[in-house]
Amino acid sequence: MQRKKRFNPGDRIYTRVILQGRQVAEYVFDCVSGMSELITALRYRTRELRGLASIYVRNMTAGWSMEQPLMLYPGRYPQGSSPQTGASHPAPAPAAYRRYMDY
């Protein structure tokens with residue numbers, strides 16, 4: 001029987017995002033309290049990407065790791081700007097995501 005993988009407050013969580021066979025992001029978080037919060041942080045940090053990615057998650061504190069797919073969707077940008085047009089000012093982060101911006 002496989003034990004459910006959990007996060008505890010303060011655990012150091014290493015993540016790697018692979019998209020189309022190449023690593024596109026790598027982060028270490030110590031403020032996420034669960035997988036849904038981690039996915040929210042990853043979606044925000046990779047908001048300019050699109051496609052089916054694979055994420056590798058390692059709880060460095062508890063000593064477990066896992067891999068799973070993650071569908072990435074591009075974020076919303078102010079009118080008249082987008083990643084395709086070379087805009088340099090993405091939409092401001094919603095308040096719920098701001099805590100992930102400094103990692």
Side-chain angles (χ1 to χ4, degrees):
M1 186 166 136
Q2 188 177 12
R3 200 175 106 205
K4 186 164 178 139
K5 297 177 172 153
R6 298 182 184 264
F7 300 169
N8 292 314
D11 282 0
R12 292 186 56 83
I13 309 298
Y14 167 82
T15 60
R16 179 174 54 228
V17 181
I18 308 291
L19 181 63
Q20 298 175 349
R22 65 184 182 101
Q23 181 174 314
V24 294
E26 183 176 40
Y27 303 104
V28 175
F29 296 97
D30 60 5
C31 64
V32 293
S33 61
M35 187 58 85
S36 63
E37 196 171 328
L38 178 66
I39 297 296
T40 300
L42 288 174
R43 282 190 193 279
Y44 177 75
R45 305 287 313 261
T46 59
R47 66 191 176 277
E48 72 281 356
L49 303 174
R50 173 190 294 267
L52 183 59
S54 175
I55 61 168
Y56 171 80
V57 178
R58 174 158 175 71
N59 185 324
M60 298 164 59
T61 305
W64 57 259
S65 65
M66 63 178 284
E67 223 173 310
Q68 75 175 50
L70 174 67
M71 190 65 184
L72 300 175
Y73 304 97
R76 294 187 179 156
Y77 292 84
Q79 186 170 347
S81 67
S82 71
Q84 293 79 20
T85 61
S88 59
H89 303 292
Y97 298 153
R98 287 192 187 118
R99 68 187 269 188
Y100 306 116
M101 294 175 63
D102 298 326
Y103 290 94

With ILVMFWY side chains joined below 4.5 Å, transitively, what does Met71's cluster contain besides itself?
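Same cluster as Met71: Leu52, Tyr73.
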Counting C-beta onward and ignoring hydrogens, is there a side-chain heavy-atom pair between [X] and [Y] closer than 4.5 Å?
{"X": "Asn8", "Y": "Thr61", "result": "no"}
{"X": "Ile39", "Y": "Leu70", "result": "yes"}
{"X": "Val57", "Y": "Gln68", "result": "no"}
{"X": "Arg50", "Y": "Leu72", "result": "no"}

What distance separates [X] [atom1] from [Y] [atom2], expressed to the nearest 0.5 Å?
{"X": "Tyr27", "Y": "Thr15", "atom1": "OH", "atom2": "OG1", "result": "7.5 Å"}
{"X": "Asp11", "Y": "Leu38", "atom1": "CG", "atom2": "CG", "result": "11.5 Å"}
{"X": "Lys5", "Y": "Ser65", "atom1": "NZ", "atom2": "OG", "result": "6.5 Å"}
{"X": "Met35", "Y": "Ile55", "atom1": "CE", "atom2": "CD1", "result": "5.5 Å"}

Are Arg58 and Tyr14 in a cation-pi contact, defined as NZ or CZ under 6.0 Å from the six-membered ring centre and within 45° of the axis?
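Output no; distance or angle outside limits.
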Non-hydrogen atoms of Val28 and Arg12 that approach each other most closely:
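Here Val28 and Arg12 meet closest at CG1-NH2, 3.3 Å.
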So which heavy atom on Cys31 is nearest to which on Glu37, and how close?
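Heavy atoms only, the tightest pair is O-OE2, 3.5 Å.
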Would one find more than 12 heavy atoms of other residues, nucleotides or ligands at under 6.0 Å from atom CD of Gln20?
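At most 12 heavy atoms, drawn from other residues, nucleotides or ligands, come within 6.0 Å of this atom.
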Are Val17 and Leu49 connected in a single hydrophobic cluster, I mean Ile/Leu/Val/Met/Phe/Trp/Tyr linked by side-chain heavy atoms less than 4.5 Å apart?
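Shared cluster, yes.
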Using the rule that two of Ile, Leu, Val, Met, Phe, Trp, Tyr join whenever any of their side-chain heavy atoms come within less than 4.5 Å, decide whether Met66 and Phe29 are in one cluster.
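In one cluster: yes.
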With distance as the sole test, does Arg45 use its side chain to make a donor-acceptor pair with the main-chain N or O of Leu42 at under 3.5 Å?
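Side chain of Arg45 to backbone of Leu42, a donor-acceptor pair under 3.5 Å: no, none is there.
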